[in-house]
Amino acid sequence: MSSDFEAYEQDFGTITAEITNKIGRIPKLSGEEKTQLVLNVDKQLEEVRELLEQMDLEVREIPIQSRAMYNSRLKSYKQEMEKLEKDFKRSRIAYSDEVRNELLGDDASSSESQRAHLLDNTEKLERSSRRLEAGYQIAVETEQVGQEILSNLHSDREKIQRARERVSAHLTPARYGQHLPLLYGFSRKHTNESCLTQL
């Protein structure tokens with residue numbers, strides 16, 4: 001199984017190296033040539049996604065004692081894939097100085113400003129999404145803590161109820177009558193002590 005995983009790793013390395021090279025060339029092109037290269041990279045990215053799926057399946061078949069190492073490697077490949085996709089997205093709206101001036105003329109600086117603004121907004125949205133996810137996680141954890149507290153309270157209530165039932169079972173009317181003078185005595189003593197304290 002691990003040999004299959006390593007074969008997929010080699011394919012992953014080869015294809016991602018090609019993609020990285022092409023992504024670097026995209027901003028320098030325009031027109032049909034750029035469109036064709038974008039389509040080519042898009043197709044290769046799909047191949048990489050399929051490779052990652054195959055690697056994921058292979059990891060599940062690897063014995064548990066060796067699985068952690070392969071999971072770690074797979075995680076790093078997925079992170080690399082995310083970075084490639086972000087770079088690809090940016091390369092499609094990016095132009096080299098030469099191509100930008102050719103296409104836009106005097107409007108080149110304005111376009112660059114708009115592009116920078118767009119990327120800035122995208123990053124802000126990503127940060128907001130991360131904060132929302134963190135907030136949701138805290139809410140879930142808080143709910144779990146609340147459920148645990150309610151469960152503990154319910155358990156304590158049951159214990160108190162059982163203790164009360166045991167006391168009631170032992171305190172029959174006959175026994176209550178036997179202990180009544182003693183209870184009365186305690187009550188009078190407490191009353192007398194209260195009166196003396198007030199004096």
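Just so you know, residue 1 is the first one in the sequence shown, and it goes up from there.
For the side-chain hydrogen bond (donor to acceptor under 3.5 Å, both in side chains) test, residues two or more places apart in sequence or in another chain that qualify with Glu158 are His154. Taking the side-chain contact (heavy atoms from CB on, under 4.5 Å) definition, one finds that Lys78 meets it with Leu52, Asp56, Leu74, sequence neighbours left out. Residues satisfying the side-chain hydrogen bond (donor to acceptor under 3.5 Å, both in side chains) criterion with Gln161, sequence neighbours excluded, are absent altogether. For Asn40, the side-chain contact (heavy atoms from CB on, under 4.5 Å) partners at least two apart in sequence or on another chain are Lys22, Gln44. Listed by chain and number, the residues in a salt bridge (Lys or Arg N to Asp or Glu O under 4.0 Å) with Glu50 amount to none (sequence neighbours excluded). A search for salt bridge (Lys or Arg N to Asp or Glu O under 4.0 Å) contacts involving Arg90 returns Glu123, not counting sequence neighbours.
No donor-acceptor contact under 3.5 angstrom links the side chains of Glu58 and Gln54, judged on distance only.
Expressed to the nearest 0.5 Å, how far CG of Asp4 lies from CE of Met55 amounts to 11.5 Å. Atom-to-atom distance recorded for Asp87:CG and Ile26:CD1 is 10.5 Å, nearest 0.5 angstrom. The distance from atom CG of Leu37 to atom NZ of Lys28, rounded to the nearest 0.5 Å, is 11.5 Å. Rounded to the nearest 0.5 angstrom, Ile19 CD1 and Lys43 NZ are separated by 12.0 Å. Note that CD1 of Ile62 and CZ of Arg60 are 12.0 Å apart. Values are rounded to the nearest 0.5 Å. Rounding to the nearest 0.5 Å places CG of Leu51 at 9.5 Å from OG1 of Thr16.
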Take Arg49 and Glu46, measure what salt bridge (charged side-chain N to carboxylate O under 4.0 Å, His left out) needs, and give me the verdict at the end.
CA-CA 5 Å; Arg49 290 186 199 100; Glu46 186 58 38; 2.8 Å; yes

Let's go through Glu32 and Gln36 carefully: what are the C-alpha distance in whole Å and the side-chain angles of both, what is the deciding distance for side-chain contact (heavy atoms from CB on, under 4.5 Å) to 0.1 Å, and is it a yes or a no?
CA-CA 6 Å; Glu32 185 63 24; Gln36 289 301 316; 2.7 Å; yes

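Relative orientation of the Phe12 and Tyr77 rings is tilted, given thresholds of 30° and 60° on the angle between their planes.
Put simply, the side chain of Leu84 does not reach to within 4.5 Å of the side chain of Val48, judged on heavy atoms.
In this structure, Glu61 does not pair ionically with Arg67, as no charged nitrogen and carboxylate oxygen lie closer than 4.0 Å.
Cation-pi geometry between Arg92 and Phe88 is satisfied (NZ or CZ under 6.0 Å from the ring centre, within 45° of the ring normal).
Shortest non-hydrogen contact noted between Ser91 and Ile23 is CB-O, 3.7 Å.
The 12-atom threshold is not exceeded at CD of Glu33, counting heavy atoms of other residues, nucleotides or ligands nearer than 6.0 Å.
Judged by distance alone, with hydrogens and angles left aside, the side-chain atoms of Thr14 form a donor-acceptor pair with the main-chain N or O of Gln10 at under 3.5 Å.
Under the 4.5 Å side-chain heavy-atom criterion for grouping Ile, Leu, Val, Met, Phe, Trp and Tyr, Met69 is connected to Tyr8 within one hydrophobic cluster.
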